[in-house]
Each structure stands twice: as structure tokens, then as C-alpha cells.
Amino acid sequence: LPDWHYDCVKEYSNPAKHEHHLIYVNVGGTLFLDGPHILKASDGDVWEYGRELHASPMMKNDCKRVLIRVTETDSVGG
């Protein structure tokens with residue numbers, strides 16, 4: 001899936017311990033793939049997730065998007 005990705009690893013099957021993330025986005029949210037459904041983290045919310053496919057939504061207007069992610073992991077690189 002173009003633009004969909006995991007943080008910290010390239011593939012879900014990476015043997016490293018799964019990561020723990022907190023993410024904040026001021027505009028546009030973040031999209032998460034949950035089986036056949038796409039969930040959207042709302043603007044201004046702090047969203048907690050692990051090794052999940054996610055992507056930035058397509059922005060329709062110019063804006064200043066701020067994304068802050070804090071990650072706990074035991075792997076470096078992917």
C-alpha cells in the first residue's frame with residue numbers, strides 16, 4: 001500500500017520486540033489500518049499504537065502540520 005508504513009521496522013514480522021508509540025497531530029490526523037477498516041486519529045488527540053500500518057491522510061489545503069511521536073523500542077533501524 002503506497003504511503004502506508006510501520007514505524008521503526010520495515011515489516012510486521014521483524015523479530016524485534018514490538019514498539020509502543022504515542023502520536024499527536026494538530027491537523028489532518030493519522031490513518032490506521034484495522035483489518036478491512038481505516039481508523040482516523042482525530043486532530044489534537046494523543047493516539048497510542050503499536051506495530052500497526054498507518055499513513056498520513058492526503059492534505060487538501062496548505063497548512064502547517066505538526067506531528068510529534070514518542071517511541072519505546074529495543075530496535076534501531078529496520
Side-chain angles (χ1 to χ4, degrees):
L1 296 169
D3 301 324
W4 290 85
H5 63 278
Y6 298 107
D7 291 328
C8 299
V9 297
K10 293 179 182 174
E11 298 177 359
Y12 184 87
S13 61
N14 186 300
K17 180 181 171 187
H18 280 218
E19 312 79 28
H20 179 247
H21 307 283
L22 298 173
I23 193 171
Y24 164 85
V25 182
N26 68 326
V27 176
T30 297
L31 304 175
F32 289 90
L33 194 59
D34 183 25
H37 300 77
I38 294 177
L39 305 175
K40 183 179 179 188
S42 300
D43 298 350
D45 284 352
V46 174
W47 193 269
E48 184 174 0
Y49 64 102
R51 192 172 289 180
E52 299 173 41
L53 273 176
H54 60 282
S56 171
M58 182 66 71
M59 305 305 288
K60 296 178 181 177
N61 299 310
D62 288 342
C63 65
K64 292 188 179 185
R65 185 171 189 256
V66 175
L67 182 146
I68 301 169
R69 185 186 81 207
V70 177
T71 298
E72 175 189 7
T73 181
D74 68 349
S75 66
V76 177

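One-based numbering along the sequence shown.
- Atoms OH and NE2, on Y6 and H54 in that order, are 10.5 Å from each other to the nearest 0.5 Å.
- The aromatic ring centres of H18 and Y12 sit less than 6.0 Å apart.
- In this structure, R65 has no salt bridge (Lys or Arg N to Asp or Glu O under 4.0 Å) partners at least two apart in sequence or on a different chain.
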Show every donor-acceptor pair shorter than 3.5 Å between a side-chain atom in residues 20-31 and any protein atom, with sequence neighbours excluded, or say none if there are none.
from : atom 1 : to  : atom 2 : distance (Å)
H20  : NE2    : E48 : OE2    : 2.6
H21  : ND1    : T71 : OG1    : 2.8
N26  : OD1    : V66 : N      : 2.6
N26  : ND2    : K64 : O      : 3.2

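- In plain terms, the two heavy atoms of H5 and D3 that are nearest each other are ND1-O, 3.3 Å.
- Checked against salt bridge (Lys or Arg N to Asp or Glu O under 4.0 Å), D34 has no partners two or more places apart in sequence or in another chain.
- For the pair D45 (side chain) and W47 (backbone), a donor-acceptor distance under 3.5 Å is absent.
- One distance of note links CG of D7 with CD of E19; it measures 7.5 Å at 0.5 Å rounding.
- Here L67 contributes atom CG and S56 contributes atom OG; the two are 8.0 Å apart, rounded to the nearest 0.5 Å.
- Under a cut-off of 6.0 angstrom, the local environment of CE in M58 is sparse, with at most 12 non-hydrogen atoms contributed by other residues, nucleotides or ligands.
- No path of Ile, Leu, Val, Met, Phe, Trp and Tyr side chains, each step under 4.5 Å between heavy atoms, connects Y49 with W4, placing them in separate hydrophobic clusters.
- Residues R51 and S13 share a closest heavy-atom pair of NH1-C, 4.5 Å.
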